[in-house]
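What follows is a single structure, written as structure tokens, with notes after it.
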Number of protein chains: 2
Amino acid sequence: MNTPFSIIIADDHSMFLDGLTSILSEEKSIKIVLTAKTGTQVLKYLRINTEEKIDLVITDINMPEMDGIELNTAIKDEFPKVKTLVVSMLEDAKKIKILTEANTNGYISKNAEKTELLKAIKSILNGENYFSPRIKQILMEAMFSAKSEPEISLSKRETEVLKLIAQEFTTQEIADKLFLSKHTIESYRKNLISKLGVRNLAGLTRYAVEKGMLE
Amino acid sequence: MNTPFSIIIADDHSMFLDGLTSILSEEKSIKIVLTAKTGTQVLKYLRINTEEKIDLVITDINMPEMDGIELNTAIKDEFPKVKTLVVSMLEDAKKIKILTEANTNGYISKNAEKTELLKAIKSILNGENYFSPRIKQILMEAMFSAKSEPEISLSKRETEVLKLIAQEFTTQEIADKLFLSKHTIESYRKNLISKLGVRNLAGLTRYAVEKGMLE
DNA sequence: TGAATTATCACGGTTTTCAGTGAAAACAAA
DNA sequence: TTTGTTTTCACTGAAAACCGTGATAATTCA
């Protein structure tokens with residue numbers, strides 16, 4: 001019989017880690033060589049055990065220290081032969097896009113059935129990529145809707161002023177805080193309003209909060 | 001040997017469900033009689049199989065149709081003999097508090113180790129409740145910090161006006177929309193500002209967004 | 001180096017918000 | 001039935017925001 005495939009699993013939720021390990025240990029063609037809770041642990045292992053052939057790294061996206069996206073790019077950069085499969089809770093189009101651009105070999109949701117998980121793993125180990133139909137669909141939708149959002153980019157100053165506005169400071173206060181003229185801040189407010197397509201302070205504030213620009 | 005304990009597991013992420021099943025099927029004292037993806041499935045099963053003795057329901061909080069909190073209260077209401085263990089991703093003090101008040105028998109995080117999971121299950125099956133140290137700590141902190149938040153309650157109209165303000169409507173527009181005088185809306189705005197302890201529209205908007213009053 | 005973007009400032013006029021103060025009617029709860 | 005809350009409306013003066021329409025210097029980047 002062939003030697004089993006060597007797999008690393010990374011997820012910060014130990015229960016999920018244990019569960020996945022338990023599921024995969026039933027598969028005789030798979031050998032789990034490491035389970036890790038952070039991306040850094042995985043990278044460290046790969047760097048130390050360079051002589052060991054690792055076939056696949058299964059990773060979550062949300063992890064402390066080094067998340068799945070960073071881990072993925074690092075692996076593809078340093079160990080291009082190692083395949084990666086992302087198993088994530090979220091179905092965030094942007095993150096999926098970044099991951100595909102970083103040459104992830106597969107992406108499935110934690111909603112996926114066990115059979116789909118095994119299918120994905122086998123496909124990848126066979127040299128094919130695997131993205132579940134749902135993920136493909138989300139990617140497609142993102143492609144189309146992306147064009148409708150022309151990506152508003154704000155300069156440093158604009159961002160700074162916007163934050164202060166959303167924090168309830170008045171024009172005069174912001175001017176004092178930044179050692180600028182009150183007129184300057186007024187210009188910024190005006191620009192921000194037209195740039196972001198909103199009508200007033202409320203709109204600016206909502207934009208700032210929803211984009212997570214505060215705290 | 002004793003008859004094994006009958007357990008139901010509910011979680012909308014099938015991978016987690018499979019993982020947990022896989023872990024627990026190693027335990028001989030445990031028999032998994034049902035795995036479900038929604039709370040309603042669990043309730044339906046309990047209602048049909050009334051003669052069957054179910055010892056424990058392990059459930060996530062976030063689930064479609066009927067979440068873990070509703071499921072828990074329903075179980076405690078209809079089937080008080082059935083124990084419940086909540087296994088959740090989130091460590092939200094409020095939800096934990098609601099669950100303890102609804103007589104949940106245990107609460108552990110998905111961060112918990114396998115050993116802790118088994119410990120929790122065994123404790124509960126032995127008639128004790130189990131809350132992990134971390135959860136206890138969060139609960140304690142919530143108790144103390146709760147007093148610092150004096151629970152601001154807004155009336156229907158106040159909420160309505162606040163929403164419209166946060167949606168960038170001017171006083172006049174809101175007045176027209178609600179068939180009220182402009183002065184009335186001004187009063188509401190003023191009251192809201194002092195009630196919520198903010199300074200201006202930005203503060204009101206932030207409050208509305210952060211409380212999830214919009215969508 | 002030249003073009004584009006960013007950062008800065010200015011002014012007059014209009015609208016809106018903010019702060020203070022007050023009050024009447026409707027309604028629910030105790 | 002009294003008390004409290006909610007909903008409704010009104011006026012004033014000051015402050016701030018909003019609108020239009022500029023301009024100049026600094027920086028960045030192609």
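Per chain, numbering begins at 1; letters A, B, ... match sequence-line order.
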Which protein N or O atoms sit under 3.5 Å from an N or O of nucleotides 2-5 of chain D?
none

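Across the interface with DNA chain D, nearest-nucleotide mapping of B/Lys190 and B/Glu158 shows B/Glu158 to be the residue nearer the 5′ end. Comparing B/Arg189 and A/Tyr188 along DNA chain C, the residue whose closest nucleotide (by nearest heavy atom) sits nearer the 5' end is A/Tyr188.
Judged by a 6.0 Å distance limit and a 45° cone about the ring axis, A/Lys110 is positioned over the six-membered ring of A/Phe16.
Ion pair A/Lys119/A/Glu116 not flagged as a salt bridge, since none of the NZ, NE, NH1 or NH2 atoms sits closer than 4.0 Å to an Asp/Glu carboxylate oxygen. A salt bridge is defined here as a Lys NZ or Arg NE, NH1 or NH2 lying under 4.0 Å from an Asp or Glu carboxylate O, and B/Glu173 with A/Arg199 meets this definition. Contact check on A/Glu78 versus A/Arg47 returns a salt bridge, with a Lys/Arg side-chain nitrogen under 4.0 Å from an Asp/Glu carboxylate oxygen.
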If you apply the rule salt bridge (charged side-chain N to carboxylate O under 4.0 Å, His left out), what do you find for B/Glu160 with B/Lys163, and how did you get there? CA-CA 5 Å; B/Glu160 197 175 13; B/Lys163 272 187 198 170; over 6 Å; no
Does the salt bridge (charged side-chain N to carboxylate O under 4.0 Å, His left out) test come out yes or no for B/Glu158 and B/Lys195, once each step is laid out? CA-CA 10 Å; B/Glu158 282 174 331; B/Lys195 216 168 182 177; 2.8 Å; yes
The test is salt bridge (charged side-chain N to carboxylate O under 4.0 Å, His left out); show your working for A/Glu113 and B/Lys37 and say whether it passes. CA-CA 12 Å; A/Glu113 303 290 331; B/Lys37 288 192 182 176; 2.6 Å; yes
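Heavy atoms of B/Ser187 sit under 4.0 angstrom from at least one base atom.
A heavy atom closer than 4.0 Å to some atom of DNA chain C occurs in A/Leu180, A/Ser181, A/His183, A/Thr184, these being the qualifying members of residues 169-186 of chain A.
A donor-acceptor pair under 3.5 Å is formed between the side chain of A/Ser109 and the backbone N or O of A/Asn111. Here the side chain of A/Asp67 pairs a donor or acceptor atom with the backbone of A/Ile69 at under 3.5 angstrom.
The NZ atom of A/Lys156 sits 18 Å away from the P atom of D/dA26 (whole-angstrom rounding). Atom pair B/Leu204:CG and D/dA16:P shows a separation of 17 Å (rounding to whole Å applied). Taking atom CD on B/Glu160 and atom C1' on D/dT8, their separation rounds to 14 Å, with Å as the unit.
Atoms CD1 and CG, on B/Ile58 and B/Asn105 in that order, are 11.5 Å from each other to the nearest 0.5 Å.
Of all nucleotides in DNA chain C having an atom under 4.0 Å from a heavy atom of chain B, the first and last in 5' to 3' order are C/dT17 to C/dT21.
Residue A/Lys53 comes nearest to A/Ser6 through the heavy atom pair O-CB, 3.4 Å, listed as atom of the first residue, atom of the second, then distance.
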